[in-house]
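Every value quoted in this text rests on a predicted model; they were computed, and no experiment measured them. Both ligands and their constituent atoms are indexed starting at 1 by order of listing.
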Amino acid sequence: MDEVTNTGLVDFHCHLDLYPDHEAAFRDAEAARVFTLAVTTTPRAWRRNVQLAEGLRYVRPALGLHPQLVADHADELPLWTSLLKETRYVGEVGLDGGPKYFRSLDLQKEVFRHVLRECAAAGGKVLTVHSLRAVAAVLDHIDTFLPRDRGTVVLHWFTGSRSEARRAIDLGCYFSVNAAMLANDRHRDLISTLPLDRVLTETDGPFTRSGPRQAVPADVASAVGALAQLRGMTPEAMARTVNANLRALVQ
Ligand code: MN
């Protein structure tokens with residue numbers, strides 16, 4: 001992804017290691033020439049993801065510790081820290097304030113603070129961040145612990161308000177948008193107001209669907225199509241815009 005040279009599609013948040021056949025998932029993303037950020041949910045998964053992405057031109061692994069898993073995997077935080085120097089890409093990280101995870105929210109905040117501080121100290125990292133039912137807290141953390149010139153945040157599946165989006169934009173955040181978000185009226189409305197130079201696309205596969213099956217990176221074309229229609233552009237022009245945004249983000 002550091003050598004984005006064409007107008008290929010971008011799936012900036014996909015769990016390639018959670019499909020039934022991991023090797024095929026990596027291989028297919030590469031064959032489809034979709035620039036794919038392979039996010040991980042625990043640092044223990046890192047090595048395997050690095051192996052699977054080795055030699056691939058279109059796929060990069062990201063080092064994560066998913067907020068929904070923090071309650072059971074916080075002990076892997078030292079491992080996460082020791083691996084950070086190996087990658088530019090971090091995620092999935094963030095906060096989840098939903099009813100199932102609310103009880104671990106204090107621990108999630110402790111972990112997220114640590115992640116942001118380490119990224120700020122290292123500099124130049126790109127993070128894909130989960131903020132479900134915790135948008136204000138996520139933005140507070142970014143504001144406090146990751147200065148704009150020390151790293152870049154991509155808000156994945158952002159569901160906040162317009163004023164929260166405004167604040168995120170002022171903090172320098174990007175937004176990765178998927179087809180499920182674009183099928184929801186409230187989210188469409190919000191997405192229609194985002195600055196075009198801050199928009200990326202994602203599938204969040206395998207947690208979203210494309211018809212009867214799990215979505216794969218190549219299905220990000222449907223997000224590009226819906227986004228293009230929403231913004232009154234051709235799909236090709238939107239694909240070029242997203243690709244240029246990725247280029248700006250990684251350079
Ligand atoms: Mn995800």
Contact list for residues 190-213, test salt bridge (charged side-chain N to carboxylate O under 4.0 Å, His left out), sequence neighbours left out: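 Those involving residues 190-213 are Arg213-Asp219.
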
Shortest non-hydrogen contact between Thr128 and His156, atoms and distance: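 What the structure gives for the nearest pair is OG1-CB, 3.5 Å.
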
Polar side chain donor-acceptor pair, His13 to Ser176, under 3.5 angstrom: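 Looking only at side-chain atoms, Ser176 and His13 do not form any donor-acceptor pair under 3.5 Å.
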
Residues Glu86 and Trp46: side-chain donor-acceptor under 3.5 angstrom: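 Yes, side-chain donor-acceptor contact under 3.5 Å.
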
Hydrophobic cluster (4.5 angstrom, side-chain heavy atoms) - remaining members for Leu18: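 Joined to Leu18, directly or through intermediates: Phe207.
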
Qualifying residues under side chain to side chain contact (heavy atoms under 4.5 Å, CB included), relative to Ala168, sequence neighbours excluded: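 Residues passing side chain to side chain contact (heavy atoms under 4.5 Å, CB included) with Ala168: Leu139, Leu155, Cys173, Phe175.
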
Count, waters excluded, of protein N, O or S atoms under 2.8 Å from the Mn ion (ligand 1): 4

